[in-house]
Novice: 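Quick one: this structure, given as structure tokens, is what I'll be asking you about.
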Amino acid sequence: MDLENRLQPPSADRLLGVLKRRGPQRAGDLGRALGVTAEAARQQLLPLARAGLVASEALRRGVGRPSRLWSLTAAGHARFPDTHAELTLQLIGAIRGTLGAAALDRVIRARQSDSRRFYRAALEGARGLAQRVARLAQIRAREGYMAEWRRDGDGFLLLENHCPICAAASACQGFCRSELDLFRDALGRDAVVERVEHLLAGARRCAYRITRAASRRRRAAPKEASHGLDRRALGG
């Protein structure tokens with residue numbers, strides 16, 4: 001019996017979505033997120049594991065029977081949109097090979113310029129940095145990044161749980177630099193934006209810490225790194 005017959009697609013998609021957004025989870029945590037018991041969540045995980053979409057590993061905490069930590073496999077991640085990855089890679093290779101790296105940089109800058117105008121228009125009229133961050137997260141969610149935001153001390157976190165342009169960004173990291181510059185420009189001069197998790201550096205998602213410029217001056221600058229962060233703040 002195939003996956004579709006064993007598990008209704010909405011249930012599977014909800015469970016996979018929780019793992020995508022929150023990273024590795026225990027069955028009990030998944031159950032609470034889905035509004036079911038731990039055993040019911042475990043029963044939903046088993047057919048997904050047989051289909052190769054999720055996998056588990058033992059998690060030992062002191063004495064007693066270890067619990068299992070469930071996470072998406074590469075096939076599970078591939079269930080989420082990838083924005084025509086193969087065609088994108090071919091186009092990037094064609095531009096670089098035919099016109100050169102400088103031409104590819106011009107294409108990226110042109111895309112950034114178009115996005116900048118759109119983002120500025122969408123954020124216009126927002127009252128304060130919090131509202132600008134909220135609107136930015138809404139835009140990114142609509143664009144397929146599974147974006148969300150939350151307050152974090154004297155600033156905010158913008159979390160992108162999926163990268164629909166991952167293939168393009170892997171082939172040309174100019175896309176990643178462009179998006180960081182885009183956020184900084186869209187949020188305004190009173191905002192300091194740092195990438196604190198980076199998918200291409202081995203993290204499970206991209207995350208950005210956003211603070212007010214005045215707040216930044218009052219404290220030491222944090223390192224821009226994808227490891228050694230406060231996992232409680234980032235929800236990882």
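What you see is a predicted model; the values in this text were computed from it and never measured.
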Novice: In plain terms, say whether Asp13 and Arg79 are close enough for a salt bridge, that is, a side-chain N and a carboxylate O under 4.0 Å apart.
Specialist: yes
Novice: What pairs with Arg120 under salt bridge (Lys or Arg N to Asp or Glu O under 4.0 Å), at least two apart in sequence or on another chain?
Specialist: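 Scan of Arg120 (salt bridge (Lys or Arg N to Asp or Glu O under 4.0 Å), adjacent residues dropped) gives Asp185.
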Novice: Among all residues two or more places apart in sequence or in another chain, which pass the side-chain contact (heavy atoms from CB on, under 4.5 Å) test with Ala49?
Specialist: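 Checked Ala49 against side-chain contact (heavy atoms from CB on, under 4.5 Å); matches are Val54, Trp70.
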Novice: Can you list the residues that meet the side chain to side chain donor-acceptor pair (under 3.5 Å) rule with Arg68, with sequence neighbours excluded?
Specialist: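 Side chain to side chain donor-acceptor pair (under 3.5 Å) list for Arg68, sorted by chain: Ser56.
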Novice: So, using salt bridge (Lys or Arg N to Asp or Glu O under 4.0 Å) as the criterion, who are the partners of Arg96 when residues are at least two apart?
Specialist: none
Novice: Do Leu200 and Val193 belong together in a cluster built from hydrophobic side chains that touch within less than 4.5 Å?
Specialist: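 Hydrophobic grouping puts Leu200 apart from Val193.
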Novice: What's the spacing between Leu182 CG and Arg177 CZ if we round to 0.5 Å?
Specialist: 14.5 Å
Novice: Kindly write out the residues that satisfy side-chain contact (heavy atoms from CB on, under 4.5 Å) with Val18, not counting sequence neighbours, or none if the list is empty.
Specialist: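 Counting only residues at least two positions away or on another chain, Val18 forms a side-chain contact (heavy atoms from CB on, under 4.5 Å) with Arg22, Leu30, Ala33, Leu34.
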Novice: Distance-only check: which donor-acceptor pairs under 3.5 Å involve side-chain atoms of residues 106-113, not counting sequence neighbours?
Specialist:
{"residue": "Gln112", "atom": "OE1", "partner": "Ser178", "partner atom": "OG", "Å": "3.0"}
{"residue": "Ser113", "atom": "OG", "partner": "Arg117", "partner atom": "NH1", "Å": "3.2"}

Novice: Within the structure provided, determine whether His198 and Cys176 are in side-chain contact (heavy-atom separation under 4.5 Å).
Specialist: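 Yes - at least one pair of side-chain heavy atoms lies under 4.5 Å apart.
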Novice: Taking ring-ring contact (aromatic ring centres under 6.0 Å, His included) as the cut-off, I'd like each qualifying pair that reaches into residues 168-193, sequence neighbours left out, listed once.
Specialist: Phe183-Tyr208
Novice: So if you build clusters from Ile, Leu, Val, Met, Phe, Trp, Tyr with side-chain heavy-atom gaps below 4.5 Å, do Leu199 and Phe80 land together?
Specialist: no
Novice: So does Asp152 pair up with Arg209, basic N to acidic O under 4.0 Å?
Specialist: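 Counted as a salt bridge, because a side-chain N and a carboxylate O are separated by less than 4.0 Å.
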Novice: Which residue pairs pass the side chain to side chain donor-acceptor pair (under 3.5 Å) test with at least one member in residues 28-39, sequence neighbours excluded?
Specialist: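 Counting only pairs at least two positions apart or across chains, the side chain to side chain donor-acceptor pair (under 3.5 Å) contacts touching residues 28-39 are Arg26-Asp29, Asp29-Arg32, Glu39-Arg42, Glu39-Gln43.
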Novice: Suppose we screen for side-chain contact (heavy atoms from CB on, under 4.5 Å). Which residues come up paired with Ala75, at least two apart in sequence or across chains?
Specialist: Leu53, Thr73
Novice: Sequence neighbours left out, cut at 3.5 Å: what donor-acceptor pairs do the side chains of residues 127-142 make with other protein atoms?
Specialist:
{"residue": "Gln131", "atom": "OE1", "partner": "Arg127", "partner atom": "N", "Å": "2.9"}
{"residue": "Gln131", "atom": "OE1", "partner": "Arg135", "partner atom": "NH2", "Å": "3.4"}
{"residue": "Arg132", "atom": "NE", "partner": "Leu187", "partner atom": "O", "Å": "2.9"}
{"residue": "Arg132", "atom": "NH2", "partner": "Leu187", "partner atom": "O", "Å": "2.9"}
{"residue": "Arg132", "atom": "NH2", "partner": "Asp190", "partner atom": "OD1", "Å": "2.7"}
{"residue": "Arg132", "atom": "NH2", "partner": "Asp190", "partner atom": "OD2", "Å": "3.0"}
{"residue": "Arg135", "atom": "NH1", "partner": "Ala122", "partner atom": "O", "Å": "3.1"}
{"residue": "Arg135", "atom": "NH1", "partner": "Glu124", "partner atom": "O", "Å": "3.0"}
{"residue": "Arg140", "atom": "NE", "partner": "Glu160", "partner atom": "OE2", "Å": "2.6"}
{"residue": "Arg140", "atom": "NH1", "partner": "Tyr119", "partner atom": "OH", "Å": "3.0"}
{"residue": "Arg140", "atom": "NH2", "partner": "Glu160", "partner atom": "OE1", "Å": "3.4"}
{"residue": "Arg140", "atom": "NH2", "partner": "Glu160", "partner atom": "OE2", "Å": "3.3"}
{"residue": "Arg140", "atom": "NH2", "partner": "Glu179", "partner atom": "OE1", "Å": "2.9"}
{"residue": "Arg140", "atom": "NH2", "partner": "Glu179", "partner atom": "OE2", "Å": "3.3"}

